[in-house]
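Throughout, numbering of the chain's residues begins at 1 and tracks the sequence.
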Amino acid sequence: RQKEIENREKAVEAPIRQRKTIIGIIVAIVVVVVAVVGIVSYNANKPLSNGMSKDEGDQVLASGISHYESGNYKEAIRCFAQLPLDSKQYKEAQSILLKSSDAYCEEIAETAEKYVQNGEYEIALELLENAQALLPNAAELQELYNTTYADYKTYISTTAIEGAEEYIANGDYESAINV
């Protein structure tokens, strides 16, 4: 009789234990799924190293591409330079940044050359300085700046000597000295 009672209790307890075990497994699975979703969601929305969100990175890239395509290379460079190394847009941005930089340098060189041809060396030098501030590693800009500066010094010297010679020819030595 005692055995029969024990068997009945076991028969009632076994399904209860099975349900508890199944519920425990389901709860554990739900906790793991929630944790994985939370981690994935955090990583998907984790800010970039410069504090920019990934959505902002997409917007900056799109803006940079738009500026590049419209020929506004200076603004394109500024946009692409904002994207940090850890952004998914970095590689594409760097590719277009190189193209933008080359086009910008070419554009600046042409504009500076026009100013030099008009004798407006100071404007050309200022333009080149501003371009170098945006692209400090652009060797072609530095070289053009150095050449333009040397030409400017020669221009100033030549102009001063010619002016002084005119004053000397007229006997106005004081003005020649001032020139």
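- Residues Leu134 and Lys74 approach most closely at CD2-CG, 3.6 Å, considering heavy atoms.
- Here side-chain hydrogen bond (donor to acceptor under 3.5 Å, both in side chains) pairs that include residues 170-179, with residues two or more places apart or in two chains, are Asp172-Ser175.
- Taking CG from Leu128 and OG1 from Thr111, the interatomic distance works out to 9.5 Å, rounded to the nearest 0.5 Å.
- Between Val60 and Gln89 the shortest side-chain heavy-atom distance does not fall below 4.5 Å.
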**OP:** Could you walk me through whether Val179 and Glu162 pass side chain to side chain contact (heavy atoms under 4.5 Å, CB included), step by step?
**Re:** CA-CA 9 Å; Val179 169; Glu162 288 173 357; over 6 Å; no

**OP:** Decide yes or no on side chain to side chain contact (heavy atoms under 4.5 Å, CB included) for Glu120 and Val116, but give the supporting numbers first.
**Re:** CA-CA 5 Å; Glu120 300 176 89; Val116 168; over 6 Å; no

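- Between the CG atom of Asn146 and the CG atom of Leu141 there is a distance of 11.0 Å, given to the nearest 0.5 Å.
- Dense packing is recorded around CD of Gln94, with more than 12 heavy atoms of other residues, nucleotides or ligands lying under 6.0 Å away.
- With hydrophobic clusters built from ILVMFWY side chains whose heavy atoms lie under 4.5 angstrom apart, Ile123 shares a cluster with Ile156.
- At a threshold of 4.5 Å between non-hydrogen side-chain atoms, the residues Thr148 and Glu113 do not count as touching.
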Subject >> Step-by-step side chain to side chain contact (heavy atoms under 4.5 Å, CB included) determination, Ile65 to Phe80 >> reply: CA-CA 9 Å; Ile65 291 171; Phe80 297 134; 4.2 Å; yes

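- Distance check, rounded to the nearest 0.5 Å: CG of Asn130 to CG of Leu125 gives 11.0 Å.
- Checked against a 6.0 Å centroid threshold, the rings of Tyr73 and Tyr104 do not count as neighbours.
- By the criterion of side-chain heavy atoms lying less than 4.5 angstrom apart, applied directly or through intervening Ile, Leu, Val, Met, Phe, Trp or Tyr residues, Tyr149 is grouped together with Leu127 in one hydrophobic cluster.
- The two residues Cys79 and Gly64 come nearest to each other via the heavy atoms CB-CA, 3.6 Å.
- Going from atom CD1 of Ile108 over to atom OG of Ser101 covers 11.5 Å, rounded to the nearest 0.5 Å.
- Both Ile23 and Val31 are assigned to one and the same hydrophobic cluster, defined by single-linkage of ILVMFWY side chains at heavy-atom distances under 4.5 Å.
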Subject >> Candidate pair Glu92 and Leu61, rule side chain to side chain contact (heavy atoms under 4.5 Å, CB included), full reasoning >> reply: CA-CA 8 Å; Glu92 182 180 0; Leu61 178 66; 3.5 Å; yes

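- The 12-atom threshold is not exceeded at CD of Glu122, counting heavy atoms of other residues, nucleotides or ligands nearer than 6.0 Å.
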Original post:
How far apart are the C-alpha atoms of Tyr121 and Tyr155, what are their side-chain angles, what is the distance that settles it, and do they pass the ring-ring contact (aromatic ring centres under 6.0 Å, His included) test?
Top reply: CA-CA 9 Å; Tyr121 290 94; Tyr155 171 77; 5.0 Å; yes

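- Listed for the Ser66 side chain is no donor-acceptor partner under 3.5 Å among the backbone atoms of Ala62.
- Counting heavy atoms from C-beta on, the side chains of Arg78 and Glu75 come closer than 4.5 Å.
- In this structure, the separation between CD on Glu69 and OG on Ser100 is 10.0 Å, given to the nearest 0.5 Å.
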**OP:** Would you sort out whether Glu129 and Tyr145 count as a side-chain hydrogen bond (donor to acceptor under 3.5 Å, both in side chains), showing the intermediate values?
**Re:** CA-CA 8 Å; Glu129 285 175 359; Tyr145 180 87; 3.0 Å; yes

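- In this structure, Leu144 CG and Glu140 CD are separated by 9.5 Å, a value rounded to the nearest 0.5 Å.
- By the neighbour-count criterion of 12 heavy atoms within 6.0 Å, atom CD of Glu166 is sparsely surrounded, having that number or fewer from other residues, nucleotides or ligands.
- Remark: side-chain polar atoms of Thr147 are paired, donor with acceptor, to backbone N or O of Glu143 under 3.5 angstrom.
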